[in-house]
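A, B, ... follow the sequence lines: proteins, then strands. Residue 1 opens every chain.
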Amino acid sequence: MSEPTESSDSLKVSRFTYRQLQGLRHGSTATPLRVIAHIDLDAFYAQCEMVRLGIPRETPLAVRQWDSLIAINYAARPFGISRLINVAEARKLCPDLVLQHVATFREGEGGRWAYRDDSFKNISTDKVSLDPYRAQSRKILQTMKEALATWSADNTEVENQNSKQELSAVLEKASIDEVFIDLSPLIYRALLQRYPELRMGTQDENRDAELPTPPTTALQWDTDCLVDLDQHETEEDDPDWDDIVMLIGSEIVRSVRNTVWEKLSYTCSAGLGRNKMIAKLGSACNKPNLQTVVRNRAVQNFLRGYKFTQIRMLGGKLGEQITAAFGTEKVSDLLSVPLEQLRTKLADNTASWLYGIIRGDDRSEVNPRTQIKSMLSAKSFRPSINSLDQAEKWLRIFAADIYGRLVEDGVLENRRRPKVITMHYRTAQSRSRQIPIPGSNAIDENLLYDLASTLLRQVVADGQAWPCSNLSLSVSSFEDGVSNNKAIEGFLIRGDQAKALTHSSRLRDADNSPNEQDQAEKRRKLDGERGRIKSFFGNPSHLEYTATDEPDGSEEPVEKDPELSGIPRFVCPRCSKSMFEYEKEEHDDWHFAKDLASQDREKAKASQPPPPTKSSARGTPARGRGGRAGGSRGKPEKGQMRLAFQ
DNA sequence: GCTGATGAG
DNA sequence: GGCTCATCAGC
């Protein structure tokens, strides 16, 4: 064989480096190998009703709220039924349409929602409840997490799982029926297992070296919908690792969707891409029940066809301003506008954000948020109401609604409580008032009601209170409280009390079949919580990661006397963690990845402007999300703080 | 900390 | 159009 210098074939390497591969491990937002999925339940409220009522997929169904439609299943869409028409028009278009009204609370019946045959006639006494959908949403999210864990267990080596029970993929619940998943860490582990040639030798220090090329066999995309490639790219080109990671990602998402279907009978659509924006646009491309893959080599072609007003954050006034400024809504038109010219009409940070986003550059993180940050209960009045008495009746219902949700979400058991209560009030103009929730009392319906009533009286005293066309109550600024063992004891007692409460004070109507499931779900959840607390005392290794995920000794019990075991130990010079010598390599990798991630974060901060904010379209420069990072508070993400008590 | 506004579904 | 939820600006 001759020297490879002449042959371009044998010189071939990947376009990607070991460093970029490593970026997959710990949430680097900059690596081109990143894989984000967006999963969207198909016509979610409609599916909830179909599942609840046992209605077959082919039966047209719509969910109604008073006289309007808020969800239409896919069987009903060919009839021309959309959210824009009313009930009468829908019946005309499709006489066999099943019309199911959402569950409601009813004045004088406390905090119990129910499905009622006559709720559409009772707009003046009923208030919509979305609880049934929230419950299904929670169940689906949980099933998705389990499916991811199962795939992970089946597809990555045990030694790589490192005795941790927790899922390495990050899930962000984006709304009641949508979720983002950062699949990168999962895919990283699967890659190393399937392609051992990607593993770096210990002596190999050059992280900027190119990866070897992947096998050239054609990729099997199964039932996925692929977005056409950009100009100058062809399907005949050999795949590179960014194609392979998408393929693995699509395999994971398919398995998650299958599990949700098999266990809960819900279909969903999904999009896969290198970031949240692309994944989100992708999931809407092929509905229902399909997944769309946007490979890196297809991104330009994919985005070119969109109106930029369909891109996240550009759907509102900012989008309008941009449309007005440049006389177009098309991404393709805006692509030919140089950055300098964007800057002449937009604030600098908005201009550079826009410049990047229409080219497919979005480095926003998948936020491991799982807990809700505020709860709101509201009612519009048609006609308006005119007395304190009427308003207070609604406040009772709002208080019961919110209290019920506080209990169901387990916020009371977690001793996570809202600190602020707010009342919004609309007459000719709209106003809002808020006060702190006193930390001394236990939260119950009466406390919430009393506070709300105080707020209402303040507004009424201000004058201009009637007629009132809209009223709402919300709680926010949740605080997690557990900080010592005594508090945890209290936690357990409160958990039992809360459990008793859910059985006594929140009994559902007899024909409310899902509620029994809910109760069972709740019991399991409570048991699960207690199990976790116990395991915290007994064996810290089962704990969720803390906010910093430092190897601080909480993760693994340190031997009382290391010498007794006879196994050689090692103390890390960087973090002083003591470990067995055979763990050194993995630990070193951990530091490396951690460093890399923080480098990436800094780089992203420096190179990518924050998403635009309201007043930033013109005039005063606005502080975006990025600007806050180094600013007033270095608070860690709330969602990651759970059980981080020491 | 309080209030209003915007943007998402 | 109604009901949520999140985030930010400006005070």
When you check the phosphate oxygens OP1 and OP2 of [N], does a side-chain N or O of [X] lie under 4.0 Å from one of them?
X: S374(A); N: dA6(C); answer: yes
X: S68(A); N: dG1(C); answer: no
X: K280(A); N: dG9(B); answer: yes
X: K276(A); N: dA8(B); answer: no
X: K373(A); N: dT7(C); answer: yes

Legend entry - From CE (M375(A)) to CZ (F478(A)), nearest 0.5 Å: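 Here the rounded value is 4.5 Å.
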Inset, instruction - Just do the salt bridge (charged side-chain N to carboxylate O under 4.0 Å, His left out) check on D362(A) and R34(A) with the steps written out, would you? - result: CA-CA 11 Å; D362(A) 168 21; R34(A) 188 155 90 122; 5.8 Å; no
Inset, instruction - List the steps and the verdict of salt bridge (charged side-chain N to carboxylate O under 4.0 Å, His left out) for E89(A) and K92(A). - result: CA-CA 5 Å; E89(A) 292 162 337; K92(A) 225 179 283 170; over 6 Å; no
Legend entry - Nearest-nucleotide pick for S377(A), side chain only, options being dT4(C), dA6(C), dT3(B):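 Of the options given, the side chain of S377(A) lies nearest dT4(C).
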Inset, instruction - Return the nearest nucleotide to the side chain of S380(A); candidates are dA8(B), dC3(C), dC2(B). - result: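 Per side-chain heavy atoms of S380(A), the pick is dC3(C).
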Over how many whole Å does the gap from [X] atom [atom1] to [N] atom [atom2] extend?
X: F44(A); N: dG9(B); atom1: CZ; atom2: P; answer: 16 Å
X: I322(A); N: dG7(B); atom1: CD1; atom2: P; answer: 10 Å
X: L69(A); N: dC3(C); atom1: CG; atom2: P; answer: 15 Å
X: H424(A); N: dC5(C); atom1: NE2; atom2: P; answer: 12 Å
X: D177(A); N: dA8(B); atom1: CG; atom2: P; answer: 15 Å
X: L318(A); N: dT6(B); atom1: CG; atom2: C1'; answer: 11 Å
X: M375(A); N: dT4(C); atom1: CE; atom2: P; answer: 12 Å
X: D40(A); N: dA8(B); atom1: CG; atom2: P; answer: 15 Å

Inset, instruction - Indicate yes or no: at least one non-hydrogen side-chain atom of S384(A) is less than 4.5 angstrom from one of S469(A). - result: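 They are in side-chain contact.
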Legend entry - K307(A) atom NZ, over 12 foreign heavy atoms within 6.0 Å: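 12 or below, so no.
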Is [X] touching bases, backbone alone, or none of the nucleic acid, heavy atoms closer than 4.0 Å?
X: R134(A); answer: sugar-phosphate
X: I70(A); answer: base
X: R83(A); answer: base

